[in-house]
Visitor: 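Quick one: structure below, then a few questions.
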Amino acid sequence: MSQLPSFEKARVLVVGDVMLDRYWFGDVHRISPEAPVPVLKVSRVEERPGGAANVARNISSLGAHCTLLSVVGADEAGDCLQRLLTEQGGVDALLHRDAGFSTIVKLRAIARQQQLLRIDFETSPSHEVLQAKLAEFKEKLQHTDVVVLSDYGKGGLAHIAEMIQLARAAGKPVLVDPKGEDYARYQGATLLTPNRSEFRDVAGGWGSEAELNSKAEKLRAELHLDALLVTRSEEGMSLFRDGTVLHEPTHAREVFDVSGAGDTVIATLAVMLASGAELGQAVRIANRAAGIVVGKLGTAVVSREEILQDMKKQD
């Protein structure tokens, strides 16, 4: 396989639902006398950008320039997210503050590399803040090569249909990580990247590869997408383009955590396309990146150097 393109000049605009991932690491040595649950003695706490912020972090880690546009609360968690993204370097984080909105926080309790519990804190941002974000989206479009819309179904992409139209009218490829069962709002995007479960919820189940291909092509045509990429966990990923199918099998390796793998996939796709790569090549590299990140615990990132090393091992 040829060497990776240079990512230094790639410019990606990410818009979507950001969240703060908090991890409580510790050990369990007894069961609570109050209820039949384990008692976690916390020894370490970590905080990482999650959701669309993790997509941005992956883009930055690959060496490309990323602008992140989202909404957070006027609270400690929002301050923490801004600080983490600033410290990460390379992410121009434009986080609108909404005093009536609590920054989304996902708290995970972990013992011996196993997640014991996850607690979610979330609300929806106000219409006024979302309108301001849309105005800024229009301004940033001219300074980007690829747009990523990272939908976690938390209310931050209320104007996603208009964003897709604006970006396509400006000649910018639009990659969407979808959520929910109403895919009509994603109509006209360049590429949609549902995982296997998300695709099944929308298109229904399948009993063969031929049936999967038929359902994928039907959805792609209905939504007027240039392409549809279904990520299929241990079965790899399949790219559907106007009657053609490209399937990339999973690279065998030990899996520790699949959380955030979809963020790495869409981030790698965006950086590859912004660097001039063809979509098929972008999918092959994104598949490698996903294989690397699932070997890490929690929401994690992949670097260009890690992908190059993986390519050398496999070739």
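Side chains included, hydrogens not; waters and symmetry mates left out as well; all remaining heavy atoms used.
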Visitor: Sub-3.5 Å donor-acceptor pair from the side chain of S233 to the main-chain atoms of E235, do we have one?
Guide: no
Visitor: Report yes or no: does T190 contribute a side-chain atom to a donor-acceptor pair with the main-chain N or O of V174 at less than 3.5 Å?
Guide: yes
Visitor: Does R241 come within less than 4.0 Å of E278, counting only side-chain N to carboxylate O?
Guide: yes
Visitor: Is it true that R108 and D21 make a salt bridge, defined as a side-chain N closer than 4.0 Å to a carboxylate O?
Guide: yes
Visitor: Would you mind writing out the side-chain donor-acceptor pairs for residues 132-139 within the sub-3.5 Å range, not counting sequence neighbours?
Guide:
{"residue": "K133", "atom": "NZ", "partner": "G156", "partner atom": "O", "Å": "2.3"}
{"residue": "E136", "atom": "OE1", "partner": "H96", "partner atom": "NE2", "Å": "2.5"}

Visitor: Between E211 (side chain) and G207 (backbone), is there a donor-acceptor pair under 3.5 Å?
Guide: yes
Visitor: Does the pair D201/R196 count as a salt bridge with the N-to-O cut at 4.0 Å?
Guide: no
Visitor: Is V39 reachable from V42 through a run of hydrophobic residues whose side-chain heavy atoms are each under 4.5 Å from the next?
Guide: no
Visitor: For a quick test of reading the model, state the closest non-hydrogen atom pair linking P49 to L81 and the distance between them.
Guide: CA-CD2, 3.7 Å
Visitor: Could you tell me whether the side chain of T250 and the main chain of E234 form a donor-acceptor pair under 3.5 Å?
Guide: yes
Visitor: Report the C-alpha distance between L191 and L239 in whole Å, list the side-chain angles of each, state the deciding distance to 0.1 Å, and finish with yes or no for side chain to side chain contact (heavy atoms under 4.5 Å, CB included).
Guide: CA-CA 10 Å; L191 175 69; L239 176 68; 4.1 Å; yes
Visitor: Are R83 and E47 ion-paired here, with the side-chain N under 4.0 Å from a carboxylate O?
Guide: yes
Visitor: Run I307 and I292 through side chain to side chain contact (heavy atoms under 4.5 Å, CB included) and show every step you take.
Guide: CA-CA 8 Å; I307 296 175; I292 295 169; 4.2 Å; yes
Visitor: Using a strict threshold of under 4.0 Å (side-chain N to carboxylate O), is an ion pair present between D75 and R97?
Guide: no
Visitor: Do any side-chain atoms of residues 265-275 form donor-acceptor pairs under 3.5 angstrom with protein atoms, and if so which ones, sequence neighbours left out?
Guide:
{"residue": "T268", "atom": "OG1", "partner": "T264", "partner atom": "O", "Å": "2.7"}
{"residue": "S275", "atom": "OG", "partner": "S6", "partner atom": "O", "Å": "3.3"}
{"residue": "S275", "atom": "OG", "partner": "V271", "partner atom": "O", "Å": "2.8"}

Visitor: Do you know the tightest heavy-atom contact between V147 and A167?
Guide: CG2-CB, 4.2 Å
Visitor: For the residue pair Y152 / D177, report whether a side-chain donor-acceptor contact shorter than 3.5 Å exists.
Guide: no
Visitor: Can a side-chain donor-acceptor contact be found between S238 and R232 if the only test is distance below 3.5 angstrom?
Guide: yes
Visitor: Nearest 0.5 angstrom please: L69 CG to T144 OG1, how far?
Guide: 11.5 Å
Visitor: Would you tabulate the side-chain donor-acceptor contacts of residues 25-36 under 3.5 Å, counting partners in other chains and residues two or more places apart, or write 'none'?
Guide:
{"residue": "S32", "atom": "OG", "partner": "E34", "partner atom": "N", "Å": "3.0"}

Visitor: When rounded to the nearest 0.5 angstrom, what is the spacing between CG in N213 and CZ in F240?
Guide: 5.0 Å
Visitor: Quick one: does any side-chain atom of E122 pair with a main-chain N or O of I104 as donor and acceptor, under 3.5 Å?
Guide: no
Visitor: Can we say R288 and D310 salt-bridge, meaning some charged N sits less than 4.0 Å from an Asp/Glu carboxylate O?
Guide: yes
Visitor: Write down the atom of G51, the atom of D263, and the distance for their closest heavy-atom approach.
Guide: O-OD2, 3.6 Å
Visitor: Is any side-chain heavy atom of M163 less than 4.5 Å from a side-chain heavy atom of V15?
Guide: yes
Visitor: Evaluate side chain to side chain donor-acceptor pair (under 3.5 Å) for S126 paired with D98, printing each intermediate quantity in order.
Guide: CA-CA 7 Å; S126 68; D98 183 350; 3.1 Å; yes
Visitor: Please tell me if the side chains of N287 and I285 come closer than 4.5 Å, counting only heavy atoms from C-beta onward.
Guide: no
Visitor: So L175 and V146, side chain to side chain contact (heavy atoms under 4.5 Å, CB included) or not? Walk me through it.
Guide: CA-CA 8 Å; L175 314 186; V146 174; 4.1 Å; yes
Visitor: Linking I/L/V/M/F/W/Y whenever their side-chain heavy atoms sit closer than 4.5 Å, directly or via other members, would I160 and L130 fall into one cluster?
Guide: no
Visitor: What verdict does the side chain to side chain contact (heavy atoms under 4.5 Å, CB included) test give for L94 and T67, after you've listed the backbone C-alpha separation in whole Å, the side-chain angles of each residue and the deciding distance to 0.1 Å?
Guide: CA-CA 7 Å; L94 306 176; T67 298; 3.9 Å; yes
Visitor: Does any part of the side chain of L229, heavy atoms only, come nearer than 4.5 Å to the side chain of M237, both counted from C-beta?
Guide: yes
Visitor: Does the distance from a Lys or Arg side-chain N to an Asp or Glu carboxylate O, for R48 and E46, drop under 4.0 Å?
Guide: yes
Visitor: Which heavy atom of A261 sits nearest to which heavy atom of V294, and what is that distance?
Guide: CB-CG1, 3.9 Å
Visitor: Would you check if the side chain of H65 reaches a backbone N or O of A10 as a donor-acceptor pair within less than 3.5 Å?
Guide: no
Visitor: V91 and A56: which non-hydrogen atoms are nearest, and at how many Å?
Guide: CG2-O, 3.7 Å
Visitor: So, D242 and R220, do they make that salt bridge, N to O below 4.0 Å?
Guide: yes
Visitor: At what distance, to the nearest 0.5 angstrom, does CG of L13 lie from NZ of K140?
Guide: 9.0 Å
Visitor: State whether the side chain of N58 and the backbone N or O of N54 hold a donor-acceptor pair below 3.5 Å, judged by distance alone.
Guide: yes
Visitor: Quick one: closest heavy-atom pair of V302 and A289, and the distance?
Guide: CG2-O, 3.5 Å
Visitor: In the single-linkage hydrophobic clustering (I, L, V, M, F, W, Y; side-chain heavy atoms under 4.5 Å), do L192 and V14 co-cluster?
Guide: no
Visitor: Does any N or O in the side chain of S124 come within less than 3.5 Å of the main-chain N or O of G155, such that one atom is a donor and the other an acceptor?
Guide: no
Visitor: Find the distance between NZ (K9) and CG (D145) and round it off to the nearest 0.5 Å.
Guide: 11.0 Å
Visitor: Hey, is the main chain of D79 close enough, under 3.5 Å, to the side chain of Q82 for a donor-acceptor pair?
Guide: no
Visitor: Drop me the distance from L68's CG to L95's CG, to the nearest 0.5 angstrom.
Guide: 5.5 Å
Visitor: Determine whether D120 and K154 satisfy the following criterion, salt bridge (charged side-chain N to carboxylate O under 4.0 Å, His left out), listing intermediate values before the conclusion.
Guide: CA-CA 12 Å; D120 291 0; K154 308 301 183 184; 5.1 Å; no
Visitor: Are Y183 and L149 joined in one hydrophobic group, where the rule is that I, L, V, M, F, W and Y side chains link up if heavy atoms are under 4.5 Å apart?
Guide: yes
Visitor: Look at the side chain of T103 and the backbone N and O of V72, then say whether any donor-acceptor pair between them is shorter than 3.5 Å.
Guide: no
Visitor: Check whether any side-chain heavy atom of R185 sits under 4.5 Å from a side-chain heavy atom of D151, and report yes or no.
Guide: yes
Visitor: Any salt bridge linking R22 with E76? Criterion: basic side-chain nitrogen under 4.0 Å from a carboxylate oxygen.
Guide: yes
Visitor: Should F199 and L228 count as side-chain neighbours, where that means a heavy-atom distance under 4.5 Å?
Guide: yes
Visitor: Hey, does F101 have a side-chain heavy atom less than 4.5 Å from the side chain of V71?
Guide: yes
Visitor: L225 and V202: same hydrophobic cluster, using ILVMFWY side-chain contacts below 4.5 Å?
Guide: yes
Visitor: What is the distance from atom CZ of R200 to atom CG of N195, rounded to the nearest 0.5 Å?
Guide: 9.5 Å
Visitor: In this structure, is the centre-to-centre distance between the rings of H127 and H159 below 6.0 Å?
Guide: yes
